[in-house]
Amino acid sequence: MGRIVLEKVTKSFGDVNVIPPLDLAIEDGEFVVFVGPSGCGKSTLLRLIAGLEDVTSGRITIDGRDATELPPAKRGLAMVFQSYALYPHMSVRKNISFPLKMAGLDPAERNKRVEAAAKVLNLTDYLDRRPGQLSGGQRQRVAIGRAIVREPAAFLFDEPLSNLDAALRVNMRLEISELHNSLETTMIYVTHDQVEAMTMADKIVVLRAGHIEQVGSPLELYRNPRNLFVAGFIGSPRMNFISGAEAAKHEAATIGIRPEHLAISKTEGIWKGTVGVSEHLGSDTFLHVHARELTQEPITVRSDGEIDIYHGDTVFLSPQEDKVHRFNQEGLRLS
Amino acid sequence: MATQHSKSAARFMISPAVLLLLGWMLIPLSLTLYFSFLRYNLLMPGTEEWAGLLNYRFFLTDPAFFDAIWNTLLLVGGVLVITVVGGVLLALLLDQPFWGQGIVRILVIAPFFVMPTVSALVWKNMFMNPVNGLFAFLAKAVGLEPFDFLAHAPLSSIILIVAWGWLPFATLILLTALQSLDSEQLEAAEMDGASWMSRFFYIMLPHLARAITVVILIQTIFLLSVFAEILVTTNGGPGTATTNLTFLVYAQSLLQFDVGAGSAGGVVAIILANIVAIFLMRMIGKNLDA
Ligand SMILES: Nc1ncnc2c1ncn2[C@@H]1O[C@H](COP(=O)(O)OP(=O)(O)O)[C@@H](O)[C@H]1O
Ligand SMILES: [Mg+2]
């Protein structure tokens, strides 16, 4: 069980209001990702849920029980920190069994659970090492191990992959997703990386300056971003925005079109431009096309990996009409 | 090639410093050793002659010698216990956010800058004096008999005085160590259900182990040679109650003008200090490995 509900939760540090009143419901078994730029209050929100910070006002309930005033240990949640926060002077075994020891379990039971967790996380061979003797990925796994032995109502992750290299990050992403599938426990995951959000989440919560900009499944956010911020934040490469005369043709203040929804041609099309930088990834090519009549920013286009277009070529772009996003003066979506 | 070359160049260039240090250490040490084998009394100049191990026999069979060793160990041990325990507690206290934190932290280090002679005199005359002292005044205020600290508990009083001087040092080192503890570790422990006491014993204390080791090692070196506090308060007495090894060497060579016996005592003190150092390194030195 792990249904977490925030009602009108606010948080201020002194005079600085970091979280304005915020409502959010997290269903049991869901994988929820909080995503937003650095400093938008993701960690603060997670720490409020964990109980490491006290709410300034509002209510937090966990499984229907009011947890607003409960100390962290009583909330039945486990957290994986960005720095892993392993206990450096304890072996991996002792690290993982620490919460069990604090809960007063007898050594035999502790050992059984530690061995089980180590098996799931491929840590069996490392149980007697110190954290300092492990690689980044292994430390990450120990931190997760310390969380799962407690059998918490929900897991909280604060940017757990940001200290790993790119290849390992992809691996750990899969492992955490698999862990979620097998445990079926609620997980709340904080990241500033929209790729992690898109690939892992059941439900994404996009935050900006403590505000929830939009909540929805990855594809909902991708297809129907509620405003310019979400549209620009979700999707990689970023959505192209065009305002002015071209947008007015669509009866909008700004229109947005994703790089993958633009067709490129050397001979015909709607918008004319010159190719600037092109990034060849093998599977895809990202072309940055300058079309000064439309916008000062280069327009990013995603096309075939083996396309035959180079720097300086004149090209034509054609948006797929049904994939054009329209936004009004306030940046809100026009349907 | 390049590194080989720069290595010998480096050796050549640090050699003056090394030689100077060697001379600095070796000459006094050799002279002490040499004197310790002489019959050398300042009252009878010109009569120096080879004495063999006589000085050592004289020093080691002196009943004051065993008192001195015992007093030295009590003094070092007592001060270490007070400063480490007190230092940890003070560091925990000063680590809490409170108003005027900066000034309090500076004030805490102040005793360290007071000269040992001065602090001992202040303690002796202004606090512990059975007639004029503050403690006597307080005792009289609540109707108790004033206690003559330096007469009835001389060694404990000196331990107190020395510990007062070293407490800031321990506090400061332990406070810096405490501040370098990753707060996420404490938060993780809190989420793991650890009470404050468990967090202290399982997280903070192990984190402080290295700093405590440093405090113990450095303080031991200095505490083995405490002298000024004894000289200005009790002069080693009553009897030999507060005579430590350093003071005994001083008493032998300067009060009794016997440089030979004093030097022998000095050599014995060096050997004992090294024994203590070896013991310490065996016991707690592993904490210094990263
Ligand atoms: N303990 C604190 N005291 C004062 N301000 C804080 C504290 N913790 C966070 N903040 C502020 O709150 C805002 C949100 O921080 P945080 O939740 O860490 O952002 P994120 O995790 O999204 O990068 C930041 O502007 C930060 O400066
Ligand atoms: Mg953060």
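Given the structure is predicted, the values throughout are model-derived calculations rather than measurements. Every chain is numbered from 1 and lettered A, B, ... according to where its sequence line falls, protein lines coming before strand lines.
Taking 4.5 Å as the limit, some side-chain heavy atom of A:P88 sits within range of a side-chain heavy atom of B:Q185. Between A:M79 and B:E187 the shortest side-chain heavy-atom distance does not fall below 4.5 Å.
When heavy atoms are compared at a cutoff of 4.5 Å, A:A50 approaches chain B by way of both its backbone and its side chain. Of the atoms belonging to A:L86, it is backbone heavy atoms, and not side-chain ones, that fall under 4.5 Å from chain B. Heavy atoms closer than 4.5 Å to chain A are found in both the backbone and the side chain of B:A189.
More than 12 heavy atoms of other shown residues, nucleotides or ligands fall within 6.0 angstrom of atom CH2 in B:W196. The environment of CD in B:Q101 is crowded: more than 12 heavy-atom neighbours from other residues, nucleotides or ligands sit within 6.0 Å. When the shell of 6.0 Å around CZ of A:R65 is examined, it contains 12 or fewer heavy atoms from other residues, nucleotides or ligands. Annotation for B:I103: atom CD1 does not count as buried by contact number, only 12 or fewer foreign heavy atoms lying within 6.0 Å. Heavy atoms from other residues, nucleotides or ligands lying under 6.0 Å from CZ of A:F13 number more than 12.
Residues B:M191 and A:L77 share a closest heavy-atom pair of CE-O, 3.5 Å. Listed here is the closest heavy atom pair of B:I203 and A:M90: CD1-CE, 4.4 Å.
Comparing A:R75, A:R47, A:K94 by heavy-atom pairs within less than 4.5 Å of chain B, the highest count is held by A:R47. Ranked by non-hydrogen atom pairs under 4.5 Å with chain A, the options B:G193, B:A188, B:S183 are led by B:A188.
Proximity of the aromatic rings of B:Y202 and A:F98 is defined here by a centroid distance below 6.0 angstrom, and this criterion is met.
In this view, A:E27 and A:R3 satisfy the side-chain hydrogen bond (donor to acceptor under 3.5 Å, both in side chains) rule, not counting sequence neighbours.
With no hydrogens or angles considered, a side-chain donor-acceptor pair links B:D192 and A:Y87 at under 3.5 Å.
In this structure, OG in B:S198 is found 9.0 Å from NZ in A:K101, a value given to the nearest 0.5 Å.
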